[in-house]
Peer 1: 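Starting off with a structure, shown below.
For this chain, numbers begin at 1 and follow the sequence in order.
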Amino acid sequence: MTARSARTGENAEDAEDFDVEEVLALVKEGNGHAGGDHVPAPAPQAGRHGASSPPDPGHRATPWPEARAIATRAARSTPHGSHRAPVSVVLDDALGLTLAAPLTALTDLPSFDTSAMDGWAVAGPGPWAVREEGVLAGRAEPEPLTDGEAVRIATGARIPLDTTAVLRSEHGRTDDKGHLHATREMAHGQDIRPRGQECRSGDHLLPAGTLVTPAVLGLAAAAGYDTLTAVPRPRVEVLVLGDELLTEGKPHDGLIRDALGPMLPPWLRALGAEVTAVRRLGDDAKALHKAITTSGADVIVTTGGTASGPVDHVHPTLRRIGAELLVDGVKVRPGHPMLLARTKENQHLVGLPGNPLAAVSGLLTLAEPLLRTLAARPAPEPYTLPLRDEAHGHPHDTRLIPVVLRGDSAVPLHYNGPAMLRGIAGSDALAVVPPGGARPGEETELLDLPWATAGIGVCFT
């Protein structure tokens with residue numbers, strides 16, 4: 001049992017796994033909820049500040065695993081309009097998308113008998129008389145061979161009819177009369193790639209729901225494709241809030257640099273999104289209302305303004321437009337003021353806290369499962385590693401701590417406060433530390449970061 005399933009109990013299945021075929025079916029249908037699922041706002045929870053704080057009857061903090069499950073279900077229950085229908089994409093633009101239709105071979109691979117090596121195509125037993133003109137790749141079908149005849153051939157070239165085998169260059173020699181001799185035993189058909197060895201035209205190569213990696217692009221091209229039918233990227237607008245933010249220069253006079261504006265767009269692209277706009281709105285309630293109500297994005301991501309301070313306008317704006325609040329605070333540190341709302345029938349808003357590491361926590365807690373499901377990407381396999389050092393926990397909430405991977409263990413990093421990016425900038429993953437903390441050697445669930453994975457997540461553009 002993984003650390004995730006051990007901690008989430010009955011919610012383990014919803015927390016990570018989803019049916020790619022179900023999502024693809026939704027894309028094809030165009031409208032309607034997935035099985036009529038409704039994602040209710042989570043029930044009120046106890047106070048988020050631990051035993052010393054009295055329960056707040058208005059507080060709705062959601063346990064961390066449940067928050068991720070809600071984000072997944074929210075994407076599943078979105079009725080996709082025409083803009084979410086499968087699209088035909090040229091191969092150069094398909095990297096990172098998800099196949100919306102099976103990949104079926106349009107030709108035999110290889111499409112003709114080819115030489116697997118540089119050497120000689122030979123017919124019958126040796127020695128062989130060698131033709132003067134050789135056979136190169138990309139040329140028309142060569143003249144057939146007769147018994148006792150050989151011809152120079154390049155890797156990938158068409159095999160002449162009646163060829164017995166290909167003799168590798170290093171396994172043959174010619175005598176003073178120009179006859180070719182084999183220097184070791186040969187088998188019939190040796191070093192010949194027969195037509196259809198890899199697949200036949202019409203063979204099923206990859207199922208719908210496959211992530212398009214560089215290798216998938218290569219296979220598609222070899223199989224005869226110029227375009228692929230894929231699930232389009234979810235369109236995301238980023239709204240950066242806060243009057244105190246600078247876009248250049250050093251902090252001064254109470255102003256600080258905006259770290260999230262530069263960080264979020266490439267991170268969101270790595271999660272499979274198309275970032276259509278980054279808007280800096282300051283602390284302007286009217287501008288926020290207009291930006292949300294006029295947005296045509298599938299997902300809106302806001303930064304800051306999710307608490308209850310005098311210039312925190314996200315909650316009042318969501319109430320004003322009648323949005324359905326699905327997650328209002330998460331029992332996780334850092335990042336507990338994050339939120340998820342359905343703003344329109346086919347649009348969601350992810351509200352990230354303004355502190356940088358808290359925003360990263362919200363990104364991985366709510367935005368990642370939402371965008372992954374909208375893009376019909378497969379869920380990553382959950383995994384655990386033992387911690388090399390102790391990880392201090394919150395008494396009641398999950399903690400996400402930057403770690404580096406060293407051998408078969410994870411090493412917690414310092415500088416992991418809500419406003420700090422120094423730790424995560426040097427990390428490979430985030431450790432999911434359960435309430436109460438984790439001892440040295442204790443198996444702990446890890447969330448890989450896009451730049452630390454070997455898969456498609458490293459593609460930020």
Side-chain angles (χ1 to χ4, degrees), residues 89-97 99 102-207 210-228 454-456 458-459:
V89 184
V90 297
L91 295 187
D92 286 348
D93 296 332
L95 184 67
L97 300 182
L99 294 181
L103 192 72
T104 302
L106 302 180
T107 182
D108 296 343
L109 285 182
S111 55
F112 46 81
D113 293 348
T114 62
S115 176
M117 292 287 174
D118 293 332
W120 296 268
V122 301
W128 301 274
V130 181
R131 283 185 190 171
E132 290 186 6
E133 187 175 353
V135 181
L136 300 177
R139 302 294 175 84
E141 186 173 1
E143 290 294 321
L145 292 177
T146 59
D147 278 356
E149 193 175 24
V151 64
R152 269 283 183 185
I153 194 166
T155 302
R158 295 172 68 107
I159 294 292
L161 288 175
D162 300 323
T163 296
T164 304
V166 170
L167 177 65
R168 300 185 186 189
S169 297
E170 62 270 25
H171 297 163
R173 64 174 181 82
T174 53
D175 60 25
D176 54 3
K177 295 181 180 180
H179 287 89
L180 174 67
H181 298 261
T183 59
R184 62 175 61 187
E185 291 292 327
M186 277 199 324
H188 191 279
Q190 179 174 304
D191 290 325
I192 294 176
R193 293 187 64 215
R195 177 174 181 167
Q197 182 185 52
E198 185 170 1
C199 66
R200 288 290 186 180
S201 180
D203 281 357
H204 180 86
L205 302 178
L206 294 170
T210 298
L211 186 66
V212 179
T213 64
V216 171
L217 292 177
L219 176 61
Y225 285 84
D226 299 315
T227 62
L228 292 173
I456 197 67
V458 299
C459 300

Peer 1: W128 versus L167: any side-chain heavy-atom pair under 4.5 Å?
Peer 2: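 Yes, side chains in contact.
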Peer 1: Quick one: does D191's side chain get under 4.5 Å of S115's, heavy atoms only?
Peer 2: no
Peer 1: Could you tell me if the side chain of L97 sits less than 4.5 Å from the side chain of L228, heavy atoms only?
Peer 2: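 Result no, sub-4.5 Å side-chain heavy-atom pair not found.
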Peer 1: Of the non-hydrogen atoms in P144 and P160, which two are nearest, and what is the gap between them?
Peer 2: CA-CB, 4.4 Å
Peer 1: Could you grab the distance from atom OG1 of T164 to atom CD of E149, nearest 0.5 Å is fine?
Peer 2: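 Rounded to the nearest 0.5 Å, the OG1-CD separation comes to 11.5 Å.
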Peer 1: At what distance, to the nearest 0.5 angstrom, does CD of E198 lie from CG of D203?
Peer 2: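 Spacing of CD (E198) from CG (D203) equals 10.0 Å.
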Peer 1: Minimum heavy-atom separation for G224 to L106, with atom names?
Peer 2: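 For G224 versus L106, the nearest heavy atoms are O-CD1, 3.5 Å.
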Peer 1: Might you point out which heavy atoms bring T107 and C199 nearest each other, and give the distance in Å?
Peer 2: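 The answer is O-SG, 4.1 Å.
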Peer 1: Is there side-chain contact between R200 and R195, with at least one heavy-atom pair below 4.5 Å?
Peer 2: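 Yes, side chains in contact.
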Peer 1: Do V151 and T163 have side chains that approach each other closer than 4.5 Å (heavy atoms only, starting at C-beta)?
Peer 2: no
Peer 1: Is the closest side-chain heavy-atom distance between L103 and T210 below 4.5 Å?
Peer 2: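 Sidechains of T210 and L103: no contact.
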Peer 1: Are P142 and R158 packed together at the side-chain level, in the sense that at least one heavy-atom pair is separated by less than 4.5 angstrom?
Peer 2: yes
Peer 1: Identify the two heavy atoms, one from L95 and one from T213, that lie closest to each other, and give their separation to 0.1 Å.
Peer 2: CD1-C, 3.7 Å
Peer 1: Crowded around D226 CG? As in, over 12 foreign heavy atoms under 6.0 Å?
Peer 2: no
Peer 1: Looking only at heavy atoms, what is the nearest atom pair of L91 and Y225, with distance?
Peer 2: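 Distance-wise, the nearest heavy atoms are CD1-O, 3.4 Å.
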Peer 1: Of all heavy-atom pairs between G156 and F112, which one has the smallest distance, and what is that distance?
Peer 2: O-CE1, 4.1 Å
Peer 1: State, with a plain yes or no, whether a side-chain heavy atom of P127 is found less than 4.5 Å away from one of L180.
Peer 2: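 Contact flag for P127/L180 side chains = no.
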Peer 1: Can you see whether S201 engages D108 through a side-chain donor-acceptor pair at a distance of less than 3.5 angstrom?
Peer 2: no
Peer 1: Does CD belonging to E170 count more than 12 external heavy atoms closer than 6.0 Å?
Peer 2: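 Above 12, so yes.
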